[in-house]
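Before any comments, here is the structure.
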Protein chains: 2
Amino acid sequence: MRGMIGEVEEILRAHDYKMTPKREHVLCVLLENKKRHLSAEEVYNLVKQRVPDVGLATVYRTLELFSNFDIIRSTDFGDGRKRYEFGTGSNDGHRHHHLICVECGKIIEMNEDLLEDLEERVTSAYDFTISDHELKIFGKCRDCMGQKNK
Amino acid sequence: MRGMIGEVEEILRAHDYKMTPKREHVLCVLLENKKRHLSAEEVYNLVKQRVPDVGLATVYRTLELFSNFDIIRSTDFGDGRKRYEFGTGSNDGHRHHHLICVECGKIIEMNEDLLEDLEERVTSAYDFTISDHELKIFGKCRDCMGQKNK
DNA sequence: GTTCGTGCAAAGCGTTTGCACTCTG
DNA sequence: CAGAGTGCAAACGCTTTGCACGAAC
């Protein structure tokens with residue numbers, strides 16, 4: 001994980017940005033919460049626990065910065081706010097989908113390359129050069145289905 | 001298309017809502033622009049051309065109303081505002097996906113049931129009961145690719 | 001000593017809501 | 001005249017921005 005920070009530092013430096021302590025904290029919070037899909041405010045609160053004098057604007061600016069370099073990716077799961085997570089690398093980062101439970105809001109991650117043949121079809125049928133795709137599946141998770149049946 | 005209005009009127013009436021003239025105009029605008037994906041404000045402007053005394057709030061309320069009954073569906077294509085289009089019926093309305101050109105913003109519609117076997121896999125692998133899904137594919141359309149190559 | 005990063009507060013923007021008016025039945 | 005529908009303007013929630021201060025090279 002130290003390595004990850006160095007890696008990001010490289011990317012930033014390559015674009016004339018610095019890895020400041022606050023940016024590092026934002027990164028750490030994201031790294032330590034890989035499983036969750038934090039909103040900007042949630043990131044802010046977690047960073048604030050370690051660095052009380054951080055500002056919300058800085059968090060937004062940092063998230064924006066990381067987004068621009070595909071270090072993280074933002075998605076709106078339907079609650080009107082952006083949520084951030086690591087892009088799992090800029091090459092294969094786009095094959096990454098979510099199951100969203102409409103009952104409890106849980107988000108289950110799903111890595112699935114089944115869309116590859118769909119991609120091929122689309123490319124030829126529509127003359128469309130795909131750079132990324134995003135699949136959200138809505139429904140009910142096991143737990144919430146269980147409750148329904150009791 | 002007259003039939004469509006009657007149909008919607010039925011749905012509304014069944015839930016104790018009325019098909020007022022303004023709601024009808026909103027519906028008409030949506031019907032006449034099926035191919036486009038209008039934002040609330042765009043709908044508002046188009047309705048205003050016919051009924052100058054309409055309010056933006058009414059448009060929002062109407063769109064919300066139609067959404068609730070799955071008459072229309074809203075999607076965010078990444079520009080931070082909701083865009084509305086007809087759900088093609090409440091049964092099969094969810095098999096409806098989009099190609100979004102990141103260059104010119106064009107949205108190409110794509111009806112594709114290739115995700116069905118993916119659905120089956122997900123259902124069994126994750127114990128997840130799917131009610132809907134949404135697939136957005138980002139890339140460059142033919143026109144924009146052409147420009148790039150010239 | 002520039003330049004970049006930052007905190008704070010204000011502004012922005014799409015959307016929602018409170019309230020009073022209006023229209024319909 | 002009761003109740004739903006509506007216009008207007010204010011409020012809202014998330015995000016962005018302007019500005020002045022502060023840190024780093």
Side-chain angles (χ1 to χ4, degrees), chain A residues 5 8-9 11-29 37-69 71-84 105, chain B residues 5 8-9 11-29 37-69 71-84 105:
Chain A
I5 296 178
V8 171
E9 190 169 358
I11 298 172
L12 293 187
R13 187 138 39 197
H15 296 265
D16 285 317
Y17 290 98
K18 292 165 201 162
M19 177 58 104
T20 66
K22 295 200 175 147
R23 286 178 183 163
E24 197 172 317
H25 276 108
V26 170
L27 185 59
C28 278
V29 162
H37 295 77
L38 301 171
S39 68
E41 191 145 4
E42 286 166 344
V43 172
Y44 168 66
N45 287 326
L46 288 169
V47 173
K48 210 171 172 64
Q49 287 175 16
R50 312 167 179 211
V51 195
D53 70 322
V54 75
L56 183 54
T58 299
V59 171
Y60 271 105
R61 282 188 278 235
T62 303
L63 292 170
E64 168 77 8
L65 186 69
F66 289 171
S67 277
N68 290 155
F69 299 137
I71 296 160
I72 60 176
R73 131 190 307 260
S74 77
T75 322
D76 178 358
F77 291 108
D79 63 349
R81 76 192 66 187
K82 287 181 191 164
R83 294 186 171 274
Y84 300 86
Chain B
I5 295 178
V8 171
E9 189 168 0
I11 298 171
L12 293 187
R13 187 140 37 203
H15 295 268
D16 286 318
Y17 290 98
K18 293 164 199 162
M19 178 57 104
T20 67
K22 294 196 177 151
R23 284 177 185 164
E24 199 173 313
H25 277 107
V26 171
L27 185 57
C28 278
V29 162
H37 295 77
L38 301 171
S39 68
E41 192 145 4
E42 286 166 344
V43 172
Y44 168 67
N45 287 325
L46 289 169
V47 173
K48 209 172 174 63
Q49 287 175 17
R50 312 165 178 214
V51 195
D53 70 322
V54 74
L56 183 54
T58 299
V59 172
Y60 271 106
R61 280 187 281 235
T62 303
L63 292 170
E64 168 77 9
L65 186 68
F66 289 171
S67 275
N68 291 155
F69 299 135
I71 296 161
I72 59 176
R73 131 190 307 262
S74 76
T75 321
D76 177 0
F77 291 109
D79 63 349
R81 74 193 66 188
K82 287 181 191 165
R83 295 185 169 275
Y84 300 84

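Hydrogens, waters and symmetry mates are skipped; everything else that's a heavy atom, side chains included, is used.
Using a 4.0 Å cutoff on non-hydrogen atoms, the parts of residues 37-53 of chain B near DNA chain D are D53(B), ordered by number.
Within a 6.0 Å radius of CZ in F77(A), more than 12 heavy atoms belonging to other residues, nucleotides or ligands are found.
Residue Y60(A) has a polar side-chain atom (N or O) positioned under 4.0 Å from OP1 or OP2 of dT15(D). The phosphate of dC23(C) (OP1 or OP2) has no side-chain N or O of K22(B) nearer than 4.0 angstrom. Taking only side-chain nitrogens and oxygens, T20(B) comes nearer than 4.0 Å to OP1 or OP2 of dT6(D). Dashed line: the shortest gap from a side-chain N or O of R61(A) to OP1 or OP2 of dT17(D) is not under 4.0 Å.
In this structure, of dA4(D), dG5(C), dC14(D), it is dG5(C) that holds the atom nearest to the side chain of K18(A).
Of the possible polar contacts, one joining the R23(A) side chain to the K18(A) backbone as a donor-acceptor pair under 3.5 Å is found.
Looking at K22(B) and T62(B), their side chains never come closer than 4.5 Å, going by heavy atoms from C-beta outward. Contact check for L27(B) versus M19(B): side-chain heavy atoms found under the 4.5 Å cut-off. In this structure, R50(A) and V29(A) have side chains that are in contact, with non-hydrogen atoms separated by less than 4.5 Å.
Atom C1' of nucleotide dT15(C) and atom CD of E64(B) are separated by 10 Å, given to the nearest angstrom. Atom-to-atom, CG of L56(A) to P of dA11(C) comes out at 17 Å; the value is rounded to the nearest Å. Straight-line distance from the CG atom of L63(B) to the P atom of dG14(C): 15 Å, rounded to whole Å. Between L12(B) atom CG and dA4(D) atom P the separation is 15 Å, expressed in whole Å. A straight line from CG of N68(B) to P of dT16(C) spans 11 Å, rounded to a whole angstrom. Atom pair D16(B):CG and dA4(D):P shows a separation of 9 Å (rounding to whole Å applied).
Comparing the start and finish of the helix from dG1(C)-dC25(D) to dG25(C)-dC1(D), five pairs each, the helix axis swings through 10°, to the nearest 10 degrees.
The one candidate from K48(A), E42(A), E41(A) that meets the side chain to side chain donor-acceptor pair (under 3.5 Å) condition with Y44(A) is K48(A).
Comparing P21(B) and K82(A) by the nucleotide of DNA chain D that holds the closest heavy atom to each, the one mapping nearer the 5' end is P21(B). Toward the 5' end of DNA chain D, the nearer of the two residues A57(B) and M19(B), judged by each one's closest nucleotide, is M19(B).
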